[in-house]
Amino acid sequence: MAAPLNQVFFPSTFQELFSAWGRFPGAVPYAGGTGIIRGQGRQTLELPPVILSLDKLEDLQRISRSERYLEIGAMVKLSQIIRLGKIVPEALSRCLENIAGAQLRNIATIGGNICYPAERLDASAAFTALDAQYELRSAQSSRWISASRFSSLPGPTALNPQELLTRVRVPLDQWNYSVYKKFSGSPPGSGCGVVVFLVKNQKNALTDIRVVYKTAAILRDKNSEAILAGKQLPLSRRVAAEFVENWEIFLSGIQNLDELSQKELLNFIELNVYNLTE
Ligand SMILES: Cc1cc2nc3c(=O)[nH]c(=O)nc-3n(C[C@H](O)[C@H](O)[C@H](O)COP(=O)(O)OP(=O)(O)OC[C@H]3O[C@@H](n4cnc5c(N)ncnc54)[C@H](O)[C@@H]3O)c2cc1C
């Protein structure tokens with residue numbers, strides 16, 4: 001059906017949403033709108049001709065918690081998540097606190113940050129490191145996909161046509177060492193470099209380590225992580241050096257990663273892994 005200009009739908013059920021989307025396949029979901037109007041400095045904003053406002057879908061506003069998971073609806077604002085306080089894994093709250101200013105965080109939603117089609121945004125690094133899962137829903141079905149897979153699929157987004165992100169499930173693991181850093185020196189077009197460094201230990205043994213770096217893509221080197229898994233803490237300096245060397249080799253094989261980003265990341269990794277030595 002040809003769309004008359006500037007139609008806005010306000011569905012309050014998924015059935016209404018997918019029915020409108022079926023009639024106007026090019027319609028664009030509208031969450032906080034900060035991504036959709038990003039970079040428009042003009043007086044008159046340009047909006048997609050057909051908009052599906054997600055405002056009235058109550059399911060997307062829900063936050064729930066079980067012993068093992070925190071579940072966050074796609075329409076929950078970044079600032080609402082931060083305000084949940086201690087229950088939010090530190091890597092995630094630090095990541096969200098570092099996104100733009102407070103006013104933007106009061107409008108921007110977690111779903112919009114994940115689904116922004118032009119580039120990978122910051123939350124994808126924290127969700128990948130924390131092993132989060134995304135629930136995606138279409139007219140006929142729903143499916144779960146890991147944050148890691150969602151962010152690594154080629155193309156502007158891993159969403160199928162007329163598919164909606166409905167919620168994020170974040171495991172509530174206890175991380176003994178959790179560091180988040182945002183670099184400022186990334187070249188234009190590659191997105192800001194952000195990195196998450198997580199370590200879990202049981203008594204004196206390191207049981208899990210994850211280092212996830214995001215620029216234009218998400219980088220994680222499981223071979224390097226395997227060097228440390230199971231090692232006694234504090235780590236020996238030899239093992240720490242091996243970890244850094246492995247990352248260096250891994251990064252040298254990554255195309256389009258500029259020298260400055262590479263250096264900043266290696267310095268960060270070195271500093272943090274040596275924090276785990278005697
Ligand atoms: C000044 C400024 C500074 C910023 N700085 C940062 C920063 O430092 N770090 C960072 O990570 N980001 C940054 N951003 C980007 C910002 O985080 C995103 O614009 C925001 O998270 C998008 O959320 P939204 O709710 O406004 O999404 P919208 O603008 O409404 O949507 C963004 C895209 O996602 C799609 N979408 C939204 N929700 C869903 C859903 N549930 N299912 C399927 N598709 C959906 C929309 O169709 C659209 O294509 C900045 C933006 C601005 C304007």
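Every number for a ligand or one of its atoms is a count from 1 in the order of the listing.
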For atom 15 (C) of ligand 1, the closest protein heavy atom turns out to be R38 NH1, 3.6 Å
Using a 4.0 Å cutoff against the non-hydrogen atoms of L159, which atoms of ligand 1 qualify?
43 (C), 44 (N)
Using heavy-atom distances, let me know which of G35, A100, G39, G73 sits nearest atom 4 (C) of ligand 1.
A100
Tell me: protein heavy atom nearest atom 35 (C) of ligand 1, and distance?
C115 CB, 3.9 Å
Which residue and atom name correspond to the protein heavy atom nearest atom 28 (P) of ligand 1, and how close is it?
G33 N, 3.5 Å
Is D131 salt-bridged to R210, cutoff N-O under 4.0 Å?
yes
Residue and atom name of the nearest protein heavy atom (relative to atom 17 (O) of ligand 1), distance in Å to one decimal:
N113 ND2, 3.0 Å
Does ligand 1 come near enough to D122 that some N or O of the ligand is less than 3.5 Å from an N or O of the residue?
yes
Could you pull out, from C95, A74, P29, the option with a heavy atom nearest to atom 46 (C) of ligand 1?
P29
Nearest neighbour of atom 52 (C) of ligand 1 from the list L104, I110, T109, on a heavy-atom basis:
L104
Counting only heavy atoms from other residues, nucleotides and ligands, does the tally under 6.0 Å from CD of Q40 exceed 12?
yes
More than 12 heavy atoms of other residues, nucleotides or ligands under 6.0 Å from CZ of R149: yes or no?
no
Does NZ or CZ of K56 lie under 6.0 Å from the centre of the six-membered ring of F10, at an angle within 45° of the ring axis?
yes
Would you say E278 has more than 12 foreign heavy atoms packed within less than 6.0 Å of its CD?
yes
Kindly give the heavy-atom pair with the smallest separation between V211 and F197, and that separation in Å.
CG2-CD1, 3.6 Å
What about A31: any of its N or O atoms under 3.5 Å from an N or O on ligand 1?
yes
Would E97 and R105 pass as an ion pair if we require N to O under 4.0 Å?
no
Does the ring center of F24 lie less than 6.0 Å from the ring center of F9?
yes
Quick check: closest heavy atoms across I81 and V76, and the distance to 0.1 Å?
CG1-CG1, 3.6 Å
Give the numbers and elements of all ligand 1 atoms closer than 4.0 Å to a heavy atom of V28.
47 (O)
Any N/O of L54 closer than 3.5 Å to an N/O of ligand 1?
no
What closest approach, in Å, do Y180 and A91 show between heavy atoms, and which atom pair accounts for it?
CD1-O, 4.1 Å
Short N/O distance, under 3.5 Å, between G32 and ligand 1?
yes
Quick one: does I99 get an N or O within less than 3.5 Å of an N or O on ligand 1?
no
Do any heavy atoms of K182 fall under 4.0 Å from ligand 1?
yes
Report yes if some N/O of L165 lies less than 3.5 Å from some N/O of ligand 1; otherwise report no.
yes
Kindly confirm or rule out an N or O of A123 lying under 3.5 angstrom from an N or O of ligand 1.
no
shortest atom 49 (O) of ligand 1-to-protein heavy-atom contact is with P117 CD, 3.4 Å
Compare every heavy atom of L121 with every heavy atom of K214, then report the nearest pair and how far apart it is.
CD-O, 3.2 Å
What protein heavy atom lies closest to atom 27 (O) of ligand 1? Include the residue and the distance to one decimal.
G112 CA, 3.4 Å
Please identify which of these residues, I209, D221, L235, meets the side-chain contact (heavy atoms from CB on, under 4.5 Å) condition with F243.
I209
A student comparing L60, T34, L136, I36 should find that the heavy atom closest to atom 48 (C) of ligand 1 comes from I36
